[in-house]
Structures are given as C-alpha cells and as structure tokens.
Amino acid sequence: MSNTSAISVRNVGVKFQSRDGLENQVLQGVDFDVQPGEFVSIVGQSGSGKTTLLKTISGLQEATEGEVLIKDKPIASQLEGIAMVFQGPVLLPWRNNLNNVLLPLEFRHKRDKASEQRAIELLEMAGLAGQESRYSYELSGGMQQRVAICRALVSNPELLLMDEPFGALDAMTRDTMNFELQKIWMREKCSVLFVTHSISEAVWLGDRVIIVGDRPGHIVADIKIDIPRPRAKSHRYSDEFSNYVTEIESYIGVTASIS
Ligand SMILES: Nc1ncnc2c1ncn2[C@@H]1O[C@H](COP(=O)(O)OP(=O)(O)OP(=O)(O)O)[C@@H](O)[C@H]1O
Ligand SMILES: [Mg+2]
C-alpha cells in the first residue's frame with residue numbers, strides 16, 4: 001500500500017466576510033488525513049462548520065488558510081475523482097432513475113454501454129433492481145436517496161463526501177440505509193467522509209469519528225472505532241458500541257441538540 005493519503009487537510013481555516021464587513025472565522029487550524037478506503041465520520045454541533053469543511057475538501061469553497069491535498073496534489077487537479085451526496089436527493093423529476101444516475105457521466109460525455117451497465121448494477125446493489133425506468137415521484141424518500149448515492153458512485157469516485165445524507169429519513173429507513181451504505185462502501189473501496197448529527201450512526205459506520213467543535217470550527221477529538229467489519233445491526237447494542245457513543249457525547253458536551 002502506498003503512503004499517499006486520500007485526503008490531507010493541512011491547517012485549514014475558512015473566514016467569511018459579511019456584507020457589513022464583519023469577519024466570521026468558521027474553521028481554524030483543521031488538520032487531518034484520510035487514508036485510501038477509510039470511512040471517516042464527522043459529528044459536531046449545528047453551525048460548527050462541517051458543511052463548510054466538506055465544501056472546502058470538494059473544492060466548492062476555497063480555504064482562506066492552509067490547504068487541502070487530494071492524493072498529495074492540490075484539489076483543483078482532482079475534481080473528477082470526487083463525488084458529493086447532499087441531505088436531499090436533488091433528482092431531476094423529468095429523468096427516470098437510470099438517467100438520473102447517469103447524469104454525471106453525460107456531463108462529461110462519458111455515457112456509454114458499459115456505464116449504463118454499471119448504473120444498472122449499482123441500482124441493483126442499492127436494492128432498486130427493476131426500478132430503472134421509474135421516476136422520483138414514484139419512489140419513497142429512502143429510495144430517492146439511494147438513487148442519489150448511485151449517482152455519486154457511477155463515476156467510480158475515489159472519494160465520496162456525504163453531508164447528512166440520511167438526515168431526512170425515518171429511523172427504520174435510516175438503519176437500512178446505514179446497512180446498505182456499509183455494503184456499498186465495502187465493495188467499492190472508496191474513501192468516505194460522512195457528516196451526521198447522529199452519534200450512533202457515526203460510530204456504526206466509521207473507522208474513525210472526528211468531532212468538530214465550534215467558534216471557530218476545530219477538531220476536538222479523532223477517535224478510532226475498533227469494531228470488526230462487516231458490522232451487524234446488533235453491534236449497536238454492545239457495550240463497546242455504547243462506550244464509544246458515551247465518549248463522543250462527552251466531547252460534544254451539550255447533547256441536547258444532537259439527535
Ligand atoms: N457562504 C457563507 N457565507 C457566510 N457565512 C457562511 C457561509 N456558509 C456558512 N457560513 C457560516 O459558517 C458557519 C458554519 O456553517 P456550516 O453550514 O458549515 O455548519 P454545519 O456544521 O454544517 O451546521 P449544520 O449541522 O447545521 O448543517 C455558520 O455560522 C454559517 O452561518
Ligand atoms: Mg451542515
């Protein structure tokens with residue numbers, strides 16, 4: 001295995017300037033690495049800068065201090081290998097599931113028979129076999145979000161950035177999605193950065209959990225989760241699991257606003 005990190009976040013700071021000239025330092029001194037194939041969860045209070053951090057890693061937001069390297073190179077030269085999943089699925093209602101999944105490849109003029117086959121396989125893997133020609137209004141919220149995940153995976157990203165992808169789902173669908181995501185990730189072997197408000201979701205999915213504190217956003221702790229894979233749903237009831245959750249809650253301090 002090479003020593004090259006999938007992501008290197010080097011002392012990153014992000015400062016916004018409001019219209020009245022006031023400065024808002026949102027991130028400061030954020031420094032961590034993600035190894036190839038690693039699943040890293042990120043938790044923190046609302047407003048602590050998690051979305052800003054993901055946007056900075058994806059290149060949508062520029063760091064005002066420090067730098068982000070993807071496989072040791074500046075972000076600008078790496079955009080093709082990165083995919084992002086947002087809180088809502090944002091599917092195009094006039095395209096069927098297959099055509100929604102293939103959209104990123106059409107943008108790059110890379111849609112062909114092989115990629116269509118891959119899209120069909122991804123939908124199957126996400127439990128949506130036979131749903132290729134259905135439209136988003138015919139699907140449940142969880143199914144739509146799975147289509148959005150397939151769309152992110154269709155271009156074989158090396159890096160998958162997920163910003164509360166299951167935030168809008170009910171608890172049962174969310175559990176199923178966690179399970180599906182673990183399966184997909186174990187097969188695809190991409191590196192994942194996964195932002196969530198749910199500490200148990202973060203622990204269950206993550207190889208590590210990074211805790212972001214606020215004002216300005218910074219890393220409070222980076223905890224390795226030593227639970228073997230594949231993880232069963234029942235792992236959530238083990239003592240080691242609840243010990244991790246308790247430890248992370250203690251770092252966040254006020255747990256009331258964390259669901
Ligand atoms: N484009 C922007 N311009 C100015 N301020 C911004 C911008 N984007 C984010 N902020 C500010 O940065 C801070 C962090 O926002 P961010 O969306 O990163 O938080 P978050 O941790 O993702 O919160 P949540 O958990 O609620 O999604 C907030 O104070 C927000 O107002
Ligand atoms: Mg956010």
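Counting starts at 1 for both ligands and their atoms, in listed order. These values consider heavy atoms only, across backbone and side chains, with no hydrogens, waters or symmetry-generated copies. All values derive from a computational prediction rather than experimental measurement.
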Atoms of protein origin (N, O or S) under 2.8 Å from the Mg ion (ligand 2): Thr51 OG1
Should [X] and [Y] count as an ion pair when the cut-off is N to O under 4.0 Å?
| X | Y | answer |
| --- | --- | --- |
| Arg118 | Glu188 | yes |
| Asp163 | Lys50 | no |
| Arg208 | Glu38 | yes |
| Asp33 | Arg10 | yes |

When you compare ligand 1 with [X], is there at least one nitrogen or oxygen pair between them that comes in under 3.5 angstrom?
| X | answer |
| --- | --- |
| Gln61 | no |
| Gly47 | yes |
| Gly49 | yes |

Atoms of ligand 1, numbered as shown, that sit under 4.0 Å from any heavy atom of Val26: 11 (C), 12 (O), 13 (C), 14 (C)
Residue, atom name and distance, where the atom is the protein heavy atom closest to atom 5 (N) of ligand 1: Phe16 CD1, 3.3 Å
How about [X] and [Y]: does a side-chain donor come under 3.5 Å of a side-chain acceptor?
| X | Y | answer |
| --- | --- | --- |
| Asn99 | Arg111 | yes |
| Ser133 | Asn96 | no |
| Asn97 | Glu132 | no |

Option with minimal heavy-atom separation from atom 24 (P) of ligand 1, where the choices are Ser46, Gly167, Pro216: Ser46
Option of least heavy-atom distance to atom 25 (O) of ligand 1 (set: Lys50, Gln25, Gln45, Lys15): Lys50
Close approach of Glu164 to ligand 1, heavy atoms, under 4.0 angstrom: yes
Lys NZ or Arg CZ of Arg236 over Trp204 ring: under 6.0 Å, within 45°: yes
Plane angle bin for Phe39 and Trp185 - parallel if under 30°, tilted between 30 and 60°, otherwise perpendicular: perpendicular
